[in-house]
Amino acid sequence: MNNNYNSDSIVQLEGLEPVRVRPGMYIGSTDSLGLHHLIWEIVDNSIDEAMAGYCNKIIITIKKDGGIIVKDNGRGIPVDINSKTGKPGVEMVFTELHAGGKFNKNSYSVSGGLHGVGASVVNALSSKMIVNIWKDNKYYEISFANGGKVSKPLTMLQDNTNLENGTQVEFHPDFTIMEKNDWDFNIISNRVKQLAYLNKSLEIVLVNEINDKTISFKNEEGLSNWIEEINKEKEPLYSLITSSKVEKVIEIKGLDEPAPISIELAFQYNKSYNTSIYSFCNNINTTEGGCHEEGFKFGLQKIINSYALEKKFLKEKDDKISKEDITEGLAAIISVKHPNPIYEGQTKRKLGGNDVRPIISDMTQEILQKFLYENPTEAELIIKKCILARDARKKSQEVREATRRKSPFSSNSLPGKLADCTTKDPSISEIYIVEGDSAGGSAKIGRDRFFQAILPLKGKILNVEKAQTTSIFGNNEIIDLITAIGAGVGNDFDIEKLRYNKIIIMTDADVDGAHIRILLLTFLFRYMYPTIENGNVFIAQPPLYKFSVGKMVKYAYDDQTLNEYKEEYKTQKYNVQRYKGLGEMNPEQLWETTMDPKNRLLLKVNIEDAMEADKKFSLLMGEEVKPRKEFIEENAKYVKNLDI
């Protein structure tokens, strides 16, 4: 290390170099999630054209060579020379950070990308980019290479084209920076479907040249169509969907003059016990909610309590219906188009400010009150469902209180069958949730007791997807699980109180083990969602086979590895043991194969799309049999190694 720290030690990165040096600052990561984020940075620019009223069709193409093409019929990126820089507008957009039309409210009143870095960031992280522009009957092209360097200056290729305006961007990720991953068609199509719902009448076409598949998304009803899809697997409580759209011109912080805010809302109750409220601001999913969700819930609660009192479903002396009660079994989409949104934090996951809350609260009260009075039969179903939720909440409150602990490490409140670890440092500790007492016994003996805790579960826990809260919090296995993890449950969950950095599900490699695993994942998804979002949940991968030649022992975690061992030792006498359960392993084997951090294989559970995950849990674990049967019939042909 050089102790000479002076002005010459200060390095200023120029152009797009900061993006290439620290890509995580701009796209979050260089893995598959970051790779797909590159698409949305370009698509969002086309969506902004649509929100401004200049674009009604976007085509996204996955090329055979791994490139992505995004084409729209918007106004076309400016090609004239900027008076201050002497560069064409399109070159500025793709080569300079914080350059774009989003800073000029005359160009875009509403925008998903606010910082003017999206297009240039994608260029910086691409090995090649080609931009074509159709504007004022002229056709232009500009090309970039090696992280955003101009390889072909802006050139007019054709005059008098008589074609509609638009922009096409083709980019090829630079895999010297990005991790080598394939494009995931499901991830892309799910996001495209969302954008089509959020932007009514906008057609988005997704073309996959790799498998010659094309899908077109367009919704004339917008959010109402989305609610229909969400509730398809959950069975609506009634057939009607409440929806409305409001536009208001108001004073907005940070703007010199009043500007329009648009709020669109759709909701419907279903027969499940789960809440499915999704909110967006300028097409960005605000996964942590914010003022728009708060205003919506406040409006719901106020009108439902008022109506219940007036119609004698509640008496003045009764406990009121809480926000938690009114959202049980509710599917809702809230979409805000805001000219100058304020987000809490850098991730845009929570909408701040106070301008939206009163508007959406008043809007919700007005449309819900009208709905309840005009549809008394449906109103009675809603009120009775909310009252049942209130009663179940009150009954389960004592159990919830029993699962809370004064201190994350107060051992006197831990379940008796938990073999806790020695360390009190949650950042290095981990808990194995083990199927059965036999495997639990081996795991307790074989573990490293300093940082590994073992919680054996007896049999299968309750399927929380179709159980009432009173049943859930009366289940001993679930209580033990909540108590051991130590961070609360549901709305009371606090990830800061998590006792273990890793929650590892370890079950047998058979049908029962898979069922127990999905039951545990369903519980964690519905009642401890932050553990999955934060990357705390893992699935242990015990070996399928023990392969031995004399005293030499190897373990195979899949059939391919086993076949490689057989080929390698085909001239010798070998023995293969198929492990059906964890209990077949002695403590030393369990440690060596499944619990030793040096050798073990863990699968990290993450969520690419929370809404799609919500639908899948409802489909596969919910009460509705017909959609599940249809899913099985459609996908049965893909099943391999069926264990029956």
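We're numbering straight along the sequence, starting at 1.
Residue Ile277 holds its CD1 atom at 6.0 Å from CD of Glu293, rounded to the nearest 0.5 Å. Atoms CD and CZ, on Glu430 and Arg499 in that order, are 13.5 Å from each other to the nearest 0.5 Å.
For the residue pair Thr522 / Glu465, no side-chain donor-acceptor distance below 3.5 Å is found, with atom types taken as modelled. Counted by atom type alone, Lys350 and Thr287 present zero donor-acceptor pairs between their side chains at under 3.5 Å. Using a 3.5 Å distance cut-off with no hydrogens or angles, the side chains of Asp559 and Tyr545 do pair a donor with an acceptor. At a cut-off of 3.5 Å, with distance as the only test, no side-chain donor of Gln194 or Tyr278 sits close to an acceptor on the other residue. Side-chain contact check for Ser279 and Thr286: at least one donor-acceptor pair (N or O, by modelled atom type) lies under 3.5 Å.
None of Val489, Ile472, Leu520 except one satisfies the side chain to side chain contact (heavy atoms under 4.5 Å, CB included) rule with Ile478; the exception is Ile472.
Judged by distance alone, with hydrogens and angles left aside, the side-chain atoms of Ser272 form a donor-acceptor pair with the main-chain N or O of Asn274 at under 3.5 Å. Checked by atom type and distance alone, the side chain of Asp31 pairs as donor or acceptor with a backbone atom of Gly34 at under 3.5 Å. A donor-acceptor pair is defined here as one N or O able to donate and one able to accept, closer than 3.5 Å; such a pair exists between the side chain of Tyr557 and the backbone of Thr593. Not a single donor-acceptor pair under 3.5 Å links the side chain of Arg526 to the backbone N or O of Phe523. At least one donor-acceptor pair under 3.5 Å links the side chain of Asp65 to the backbone N or O of Gly67. Checked by atom type and distance alone, the side chain of Trp183 pairs as donor or acceptor with a backbone atom of Gly66 at under 3.5 Å. Between the Asp508 side chain and the Leu582 main chain, a donor and an acceptor come within less than 3.5 Å of each other. In this structure, the side chain of Glu533 does not engage the main chain of Tyr529 through any donor-acceptor pair within 3.5 Å. A distance-only check finds no donor-acceptor pair linking the side chain of Thr327 to the backbone of Leu330 [under 3.5 Å]. Side chain of Gln589 to backbone of Asn586: a donor-acceptor contact under 3.5 angstrom is found.
A salt bridge links Lys271 to Glu235: one of the charged nitrogens lies within less than 4.0 Å of a carboxylate oxygen. With respect to Lys570 and Glu567, a salt bridge is recorded, a charged nitrogen being found less than 4.0 Å from a carboxylate O. One finds no salt bridge joining Arg390 and Glu324 here, because no Lys/Arg side-chain nitrogen approaches an Asp/Glu carboxylate oxygen to under 4.0 Å. For Asp325 and Arg393, the salt-bridge test passes: some basic side-chain N is under 4.0 Å from an acidic carboxylate O. Using a cutoff of 4.0 Å between basic side-chain nitrogens and carboxylate oxygens, Arg20 and Asp174 are scored as salt-bridged.
When all heavy atoms of Arg600 and Met595 are compared, the pair lying nearest together is NH1-O, 3.4 Å. Contact between Leu457 and Lys417 at its shortest, heavy atoms only, is CA-NZ, 4.5 Å.
Residues Trp226 and Lys193 fail the side-chain proximity criterion, which asks for heavy atoms closer than 4.5 Å. The side-chain heavy atoms of Glu564 and Phe547, taken from C-beta on, include no pair separated by under 4.5 Å. Looking at heavy atoms from C-beta onward, Asp512 lies out of side-chain contact with Arg517 at the 4.5 angstrom threshold.
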For a side-chain contact (heavy atoms from CB on, under 4.5 Å) check, start with the C-alpha distance between Glu328 and Tyr269, then their side-chain angles and the critical distance, and finish with the verdict. CA-CA 8 Å; Glu328 185 178 288; Tyr269 282 90; over 6 Å; no
Step-by-step ring-ring contact (aromatic ring centres under 6.0 Å, His included) determination, Tyr569 to Tyr574: CA-CA 7 Å; Tyr569 295 94; Tyr574 59 76; 8.1 Å; no
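Within a 6.0 Å radius of NZ in Lys323, other residues, nucleotides and ligands contribute more than 12 heavy atoms. Summarising the local packing, CG of Asp212 is surrounded by 12 or fewer heavy atoms from other residues, nucleotides or ligands at distances under 6.0 Å. Annotation for Lys460: atom NZ counts as buried by contact number, over 12 foreign heavy atoms lying within 6.0 Å.
Cation-pi contact between Lys180 and Phe175: present, with separation from the ring centre below 6.0 Å and deviation from the ring axis of at most 45°.
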